Amino acid sequence: MKKTVSMVLAAAMLASLTACSGSSSTSTTAADTTAAAETTAASAETTAAAAGTESKDGTFKIGAIGPSTGGAAVYGIAVKEGAELAIQEINAAGGINGYQVEYNFQDDENDVEKSINAYNTLKDWGMQMLVGTTTSNPCISVAAESKNDNLFQITPSGSAVECVENDNVFRVCFSDPDQGAASAQYIGEHKLASKIGIIYDSSSVYSTGIMDKFTAEAANQGLEIVSSEAFTAETNTDFTTQLQKAKDGGAELVFLPIYYTEASLILKQADQMGFKPAFFGCDGMDGILQVENFDTSLAEDLMLLTPFVADAQDELTQNFVKAYEAAYGSTPIQFAADAYDGVYAIKAAAEDANLTPDMSVSDLCEGLKASMTKIKIDGLTGLDMTWNAAGEPEKAPKAMKIVDGVYTAMD
């Protein structure tokens, strides 16, 4: 039995879709409604304090954590804004089970200790559910804290396997191994290259997790790994040795399971060497067009596996991008879409479980955990998206290519 919820926004740029939620196999639309900058929804940042384990003022309290300053700020800001936009829409459309939502984002600078401090700050504020953290290492540490508190956590982009080891934690993005396997499959099935070079960060859980699975799956796809060269956080400025080994090995494609900052340097140095293979990355590559002082023409034809493409022509994406650009003056990246979908997953699960804000954090967590494996949402990062008991999303992978300076969906 399904129920249809009409979401109406008080904004000049009004877009309205349909949301469906059911009891045993619930379907809803993550981008059901979009809001322009003039939305009259509740403030994203709230300073009201709340004590105890339950809401005292009749509102759900959702916290979020990520880097809004520092080297990974592009990711954290995107998560902050994507979650904020979803909450504004939900509030304008009547809330969750008729209750409004308060939102509080805390900066962790992609630092484990600061992320735990941010978590404790949100607990003092009265947080009942967490969207975060944004990056993997802080997420692993915060997940241990949320497990002790039995507080529900959904990370938009924490991709390390360990992020969802506890049963109270779910994720929106693919795990590192899943990204690695899917990348090798995509390259092999689309016959993008047969000889592959790899440059990865051996000091990064994210990078090594993707690389290990990519290497294993490459053999199944008939791909030859001609070089696999590492760098570390201490040696992440000069990549000429790694590039030369890939070039000497005859690499037709260089796989970069790394973040966009180092990738921008690799593309620049490859160009200086006259080395022009195809380059392929994963979701950490998203943001390379925003690197300061980077010649974005060097990223032309760069491919990356990511579940969201801002220029996709479906109505869900177009409405989200229009609302995001109106609200924040920039084009959303995948991390914003992940956070947006994460908030709508909370909404769908909370409605499936008939949760109310006067329930304890632990009771809310138990209800959300049970319902997360029942719901199905049409989100920005995947249609008919579901979650298994291990906290992993189940959805089809997507890839994009940078063409004429913009992200373009690949087949």
Side-chain angles (χ1 to χ4, degrees), residues 44-45 62-87 103-119 121-122 130-142 154-160 163 171-173 201 203-207 233-234 236-237 256-268 281-296 299 302 304 306 308 310 320-321 324-325 327-343 381 402 407:
E45 300 272 349
I62 296 179
I65 300 173
S68 56
T69 58
V74 167
Y75 303 138
I77 292 170
V79 164
K80 174 183 181 293
E81 294 173 347
E84 175 180 75
L85 185 60
I87 288 170
Y103 177 55
N104 189 330
F105 178 93
Q106 292 292 317
D107 179 16
D108 69 0
E109 300 179 39
N110 191 26
D111 179 85
V112 168
E113 183 177 353
K114 290 177 181 177
S115 200
I116 292 174
N117 290 340
Y119 176 79
T121 296
L122 289 170
L130 174 63
V131 177
T133 65
T134 298
T135 50
S136 287
N137 284 337
C139 187
I140 293 167
S141 296
V142 167
I154 184 165
T155 173
S157 46
S159 55
C163 288
R171 75 168 121 231
V172 178
C173 67
D201 182 354
S203 63
S204 165
V205 172
Y206 168 81
S207 188
E234 288 72 42
N236 63 352
T237 57
L256 301 175
I258 58 177
Y259 294 117
Y260 62 87
T261 305
E262 291 87 357
S264 67
L265 295 174
I266 288 173
L267 294 178
K268 179 179 180 180
C282 296
D283 61 2
M285 191 71 71
D286 198 1
I288 194 166
L289 295 179
Q290 286 76 47
V291 175
E292 189 175 357
N293 298 321
F294 173 62
D295 179 0
T296 56
L302 171 71
L304 60 154
T306 181
F308 173 77
F320 171 70
V321 171
Y324 191 97
E325 289 176 341
Y328 307 112
S330 61
T331 301
I333 62 174
Q334 173 230 318
F335 289 77
D338 282 335
Y340 186 90
D341 284 355
V343 171
T381 65
I402 296 176
Y407 295 118

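Given the structure is predicted, the values throughout are model-derived calculations rather than measurements.
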message: If the condition is side-chain hydrogen bond (donor to acceptor under 3.5 Å, both in side chains), which residues does N110 pass it with, not counting sequence neighbours?
response: T135
- prompt: Short question: side chain of D338, backbone of S157 - any donor-acceptor pair under 3.5 Å?
  reply: no
- request: Locate the shortest heavy-atom distance separating Y259 from S204; write the atom from each residue and the value.
  value: CE1-OG, 4.4 Å
query: Going from NZ on K268 to CG on D295, what distance comes out if it is rounded to the nearest 0.5 angstrom?
result: 9.0 Å
message: Applying side-chain contact (heavy atoms from CB on, under 4.5 Å), can you list everything that pairs with T121, at least two apart in sequence or on another chain?
response: Q106
- request: Any chance you could measure L265, atom CG, to N236, atom CG, to the nearest 0.5 Å?
  value: 7.5 Å
Pair L304-Y407, side chain to side chain contact (heavy atoms under 4.5 Å, CB included): steps then yes or no: CA-CA 10 Å; L304 60 154; Y407 295 118; 4.2 Å; yes
query: So do the side chains of T134 and P156 get within less than 4.5 Å of each other, counting heavy atoms only?
result: no
query: For L85 and Y328, which heavy atoms make the closest approach, and how far apart are they?
result: N-OH, 3.7 Å
task: Applying side-chain hydrogen bond (donor to acceptor under 3.5 Å, both in side chains), name anything that partners S136, two or more places apart in sequence or on another chain.
output: none
Side-chain (Y103) to main-chain (K80) donor-acceptor, under 3.5 angstrom: yes
message: Less than 4.5 Å apart, side chain to side chain, heavy atoms only: is that true for F105 and I65?
response: no
query: Do I258 and I266 come close enough that some side-chain heavy atom pair is under 4.5 Å?
result: yes
- request: Give, for atom CG of D108 and atom OG1 of T133, the distance between the pair rounded to the nearest 0.5 Å.
  value: 6.0 Å
Min side-chain heavy-atom separation T155-V142 under 4.5 Å: no
- prompt: At their closest point, which heavy atom of S141 faces which heavy atom of I116, and how far apart are they?
  reply: CB-CD1, 4.0 Å
- line: All heavy atoms of A86 vs all of Y340, minimum pair found to be CB-CD1, 3.6 Å
- request: Say whether, by atom type as modelled, one donor and one acceptor occur between the side chain of Y75 and the main chain of G284 under 3.5 angstrom.
  value: yes
statement: D201 and A233 have their tightest heavy-atom pair at OD1-N, 3.9 Å
message: Has T306 got a side-chain atom pairing as donor or acceptor with D283's backbone, closer than 3.5 angstrom?
response: no
- prompt: Rounded to the nearest 0.5 Å, how far does OH of Y260 lie from CG of L302?
  reply: 14.5 Å
message: With a 4.5 Å cut-off on side-chain heavy atoms, are F294 and L267 touching?
response: yes
query: Can any side-chain N or O of S68 pair as donor or acceptor with the backbone N or O of D107 at less than 3.5 Å?
result: no
message: Could you tell me if the side chain of V74 sits less than 4.5 Å from the side chain of F335, heavy atoms only?
response: no
- line: Shortest non-hydrogen pair, C282 vs Y206, comes out as CB-OH, 3.7 Å
- request: Measure the spacing between CD1 of I77 and OG1 of T69 and express it to the nearest 0.5 Å.
  value: 8.5 Å
